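Just so we're clear, the structure is a prediction, and the values are computed from it rather than from any experiment. Quick note on labels: first sequence line is chain A, next is B, and so on, each numbered from 1.
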2 protein chains.
Amino acid sequence: MGGSKYRDAGVNIDEQDRAISAIKKLATSTFTPNVVTGLGSFGAMYQLPRGYENPILVSSSDGVGTKLKIAFMTGIHDTVGQCLVNHCVNDILVQGALPLYFLDYIGTGKLAAGTVEAVVSGLANGCRENGFSLIGGEMAEMPGFYGEGEYDIAGFITGIVDKKNLLTGKNIIPGDEVWGFPSSGLHTNGYSLARKIVFDEMKLSIDSFVDELGCTVGEEFLKIHRSYRPVLFPALERNLVKGLAHITGGGFLDNIPRILPKTVSVEIQLQNVPVLPVFDFLVKGGKVEAEEAYRVFNMGIGMVAIVSPEKRNAFTDAVGEKPVLLGHAVPGDGTVRLL
Amino acid sequence: MGGSKYRDAGVNIDEQDRAISAIKKLATSTFTPNVVTGLGSFGAMYQLPRGYENPILVSSSDGVGTKLKIAFMTGIHDTVGQCLVNHCVNDILVQGALPLYFLDYIGTGKLAAGTVEAVVSGLANGCRENGFSLIGGEMAEMPGFYGEGEYDIAGFITGIVDKKNLLTGKNIIPGDEVWGFPSSGLHTNGYSLARKIVFDEMKLSIDSFVDELGCTVGEEFLKIHRSYRPVLFPALERNLVKGLAHITGGGFLDNIPRILPKTVSVEIQLQNVPVLPVFDFLVKGGKVEAEEAYRVFNMGIGMVAIVSPEKRNAFTDAVGEKPVLLGHAVPGDGTVRLL
C-alpha cells in the first residue's frame, strides 16, 4: 500500500520550499541594478557593466574547508558564509578585478531550513558589504552524504577588470617592496591542523576560554576572513600596486610565487611579521615547526602587496590602514625565502 | 618530539599536487582562445567575446545529487562530471545563452588523485563537447566530512547572450505548441527515490541485469545527462523558440511554469510522452503514483521547447532530431496540467 514517496527517500520538499523562500529574500537584498531578474529562472542573469575597453571576466570557486566544523560545533552558521564571500572577493581582487556577482552551492544530508538561512544570510551580508550581488545558487539535499546537521558550501564569484588594469605581477623587479596587511585570524586555512592541536592534543573544548586569545576557542576560530577590497581597491584604481597575493593555504611560500616573474624572488623578514596570538598559541600548543607553520597558516598576514619604492608614499596614503613592510623583491628564481 | 604535521591532520599535500597536475592537463585541453591564462593564478581569467550589443551574463551553479552514489558503487567517476557540465549547459541554454566557461568544486574527505582525475576528465569532456572551457576549480580535502571514497561536486557555469536574444517565455500565448526532447534516462534527478526503490524495495544490486532495461542497474543509472545545446542552438539562433524549460527535479509540473506568463497554462497529453523503460520499471517497482512520478522524474523528456505554430516547420527542420509534440499552451494561470 501507499507506494514510494520522495519524502520517504529522505528528500523533504516542504523544508526546501521554506529555505528557498528565505534565500530569495536574502539574495534580493543584495541586488544591484545590473541584476536582470529575480531568482527562479534556470540561470541567473547579470547585465555586463559598460565602460570597459577590453573587459576580462575573472572567476573563482572556493569553499571554507573544515572551518565548517567550527560552525557545526558552535551552531553559528552565518559567519562561514561571510568568510566564503570574502575569500572569493580577495581571490579576484589580486588580479585587479571588482566583484560583480556570486553564486553558492550548499550540499547537505537532511536539509534544515534554519541552518541554510543562516548560511545564506552570511553570504548576503558578505555580498552587500563588498557591494555586489548574490544572484543564484543550488541547495542539494543528499541523504547519506553528510553527517547529521552537517553540510558543505562552495562559492563562485565573477568579477571584471579592464585588460589594461589586470594585475599580473609581471613588472615586479628587485628592490620592490613587499607590504603585508593583517589577517583577522585563521581566515579559512589550516583548520584541520588547528582543530587537531586544540581539541586532540591540548584537550580543549570549543567553549574553553583561552587567556592569550581573550576569547573562547570557538570565538577565535570563527573570526571572519577579511575582505581586502575596501582597503586595497583605492590603491588599485590609482595604479599603485604591481602585484597582490592572497595568503591562504600554502602561506607566503606557495602564494607569493604565483605572481613573481621567474627571475625575481622575495625575501620576508620574519621579525617583521605581526604574528597573531592565535598562531603563537597553535605553534606552541602543537609544537609546530616554523616552516610548517608558515606553510599551513597565514600567521597574521592575509594579503601581500608588492609596490615600487617610488610609489610607497602614495600607496600607504591610498590604502585605508597601515600596512607592514615585510621585505623586498630580490634577484632570484620566483621563490620566497623566510629570513 | 616531532610536533604536529599537516599530514597527520589528514591533509595530504603530495596527493593534492598529483591531482592538481592531472587537472591542469585536462583543463588546458578545453581552453578556447578567450581563456586569458593557464591555471595557477588566484582567479581564472576569460576575455569577453566581442560583437554583443548588450551582453547579459547568465550563470548557474549545480550538483549531480545522489547520482554520485552510483559513481561510488560502480567506481566509475568520469560520467558524473559530464552530467554536471551538461546539466549546467542546459540551465543557461534555456535563457538563450551560450556557455563561455566552467569552474568546479570537489569536496572530499581523503583525496584520491585517481578519482579526482576521473571526475575532472568527465568535466573536461563535457566542456569540449559543448565547445567551452574549464578554467578553474577548487579541490577541498576535508577530513571527516565525507565517507571513505566519497565526495561531492558542484559546477559553476558562465554564459552569454545578447539582451535582444534573451529567452524569457514572456511571448508565449495560448495555441503555442509544447515540444519535448527525449532524455537519456534519469539525468541527474530522482536518484534518492530511484535508489530506494531498486536497492531497498526490489533488493537488486548495482550489477543486477534488468531485462526491461537491457543493461545492469549501474549502467542504466550512470547514463549521461544529455546536453541539448547541439540540437537546440541552431533553432535559437534563428529565433524559432519562445521558451525552453529544462526538465529536472520537479518535472513538467514545476519547471514549465518557470517560463509561463501568468495568464497562460500548459496542457500535456501524457499519452504523447515517450516514457523511457527505466521510468516504467521504477514506477512499477516502487508503486509510485503518477503525479509523484511526474514530479520527481523527467519520465523521458529532458527539455521542453515552446514554439509558435507558424514556426513549427522551421523549428523541426532546424533542430538536429525529431522532437515530440507534448501538448499546447492554453489560457490559464501559469500552471501545467497533465491530461
Side-chain angles (χ1 to χ4, degrees), chain A residues 3-6 8-11 36 40-48 55-63 65-66 69 91-92 94-95 97 101 103-105 107 135-138 140 142-146 150 152 154 156 158-159 163 192-193 196-197 201 246 258 286-289 292 296, chain B residues 3-6 8-11 36 40-48 55-63 65-66 69 91-92 94-95 97 101 103-105 107 135-138 140 142-146 150 152 154 156 158-159 163 192-193 196-197 201 246 258 286-289 292 296:
Chain A
S4 296
K5 289 267 184 184
Y6 208 39
D8 302 335
V11 175
V36 175
S41 52
F42 291 87
M45 296 183 276
Y46 191 91
Q47 179 149 23
L48 204 80
I56 307 282
L57 299 177
V58 186
S59 283
S60 182
S61 62
D62 225 310
T66 55
K69 286 277 185 197
D91 268 350
I92 67 165
V94 296
Q95 257 116 312
Y101 61 81
L103 292 93
D104 68 287
Y105 171 85
I135 63 170
E138 168 73 3
M142 299 162 72
F145 265 70
Y146 293 92
E150 301 201 347
D152 196 4
F156 168 63
T158 298
K163 192 169 187 180
S192 292
L193 182 57
K196 175 170 173 279
I197 292 170
E201 297 176 11
H246 186 196
R258 296 165 80 172
K287 300 188 190 68
V288 186
E289 286 172 25
E292 174 86 359
V296 176
Chain B
S4 296
K5 289 267 184 183
Y6 208 38
D8 303 335
V11 175
V36 175
S41 53
F42 291 87
M45 296 184 275
Y46 191 91
Q47 179 149 23
L48 204 81
I56 307 282
L57 299 177
V58 186
S59 284
S60 181
S61 64
D62 225 311
T66 56
K69 287 276 185 196
D91 268 349
I92 67 164
V94 296
Q95 256 115 314
Y101 61 82
L103 291 94
D104 68 287
Y105 171 85
I135 63 170
E138 167 73 2
M142 300 162 72
F145 265 70
Y146 294 91
E150 302 201 347
D152 196 3
F156 304 103
T158 299
K163 192 168 187 179
S192 293
L193 181 58
K196 174 171 175 278
I197 292 170
E201 297 176 12
H246 187 196
R258 295 165 81 173
K287 299 188 191 68
V288 186
E289 286 171 23
E292 174 85 0
V296 176

Report which part of B:Gln47 has an atom under 4.5 Å of a heavy atom belonging to chain A: side chain, backbone, both, or neither.
both
Excluding sequence neighbours, so at least two apart, what forms ring pair (Phe, Tyr, Trp, His ring centres under 6.0 Å) with A:Phe145?
B:Phe72
Identify the two heavy atoms, one from B:Met142 and one from A:Gly65, that lie closest to each other, and give their separation to 0.1 Å.
CE-O, 3.3 Å
Max heavy-atom pair count under 4.5 Å with chain B, selected residue of A:Val94, A:Ile92, A:Asp62
A:Asp62
Heavy atoms only, distances under 4.5 angstrom: which of A:Gly63, A:Ala154, A:Gly159 has the most pairs with chain B? Name it, please.
A:Ala154
Name the region of A:Lys163, side chain, backbone, both or neither, that has any atom closer than 4.5 Å to a heavy atom of chain B.
side chain
How long is the gap from OG1 on A:Thr158 to OH on B:Tyr46, to the nearest 0.5 Å?
12.5 Å
Are the side chains of B:Tyr101 and A:Ser59 in contact, using a 4.5 Å heavy-atom criterion?
yes
Heavy-atom closest pair (A:Ser192 atom, B:Pro143 atom, distance to 0.1 Å) is OG-CD, 3.5 Å
Residues which pass side-chain hydrogen bond (donor to acceptor under 3.5 Å, both in side chains) with A:Tyr146, listed by chain and number, not counting sequence neighbours:
B:Tyr146, B:Asp152
Indicate the atoms forming the closest heavy-atom contact of B:Met45 with A:Val58, along with that distance.
CG-CG2, 4.0 Å
Return the option, out of B:Lys69, B:Gln95, B:Glu150, with the maximum number of heavy-atom pairs under 4.5 Å with chain A.
B:Gln95
Flag side-chain contact, heavy atom, 4.5 Å: B:Phe156 against A:Tyr105:
yes
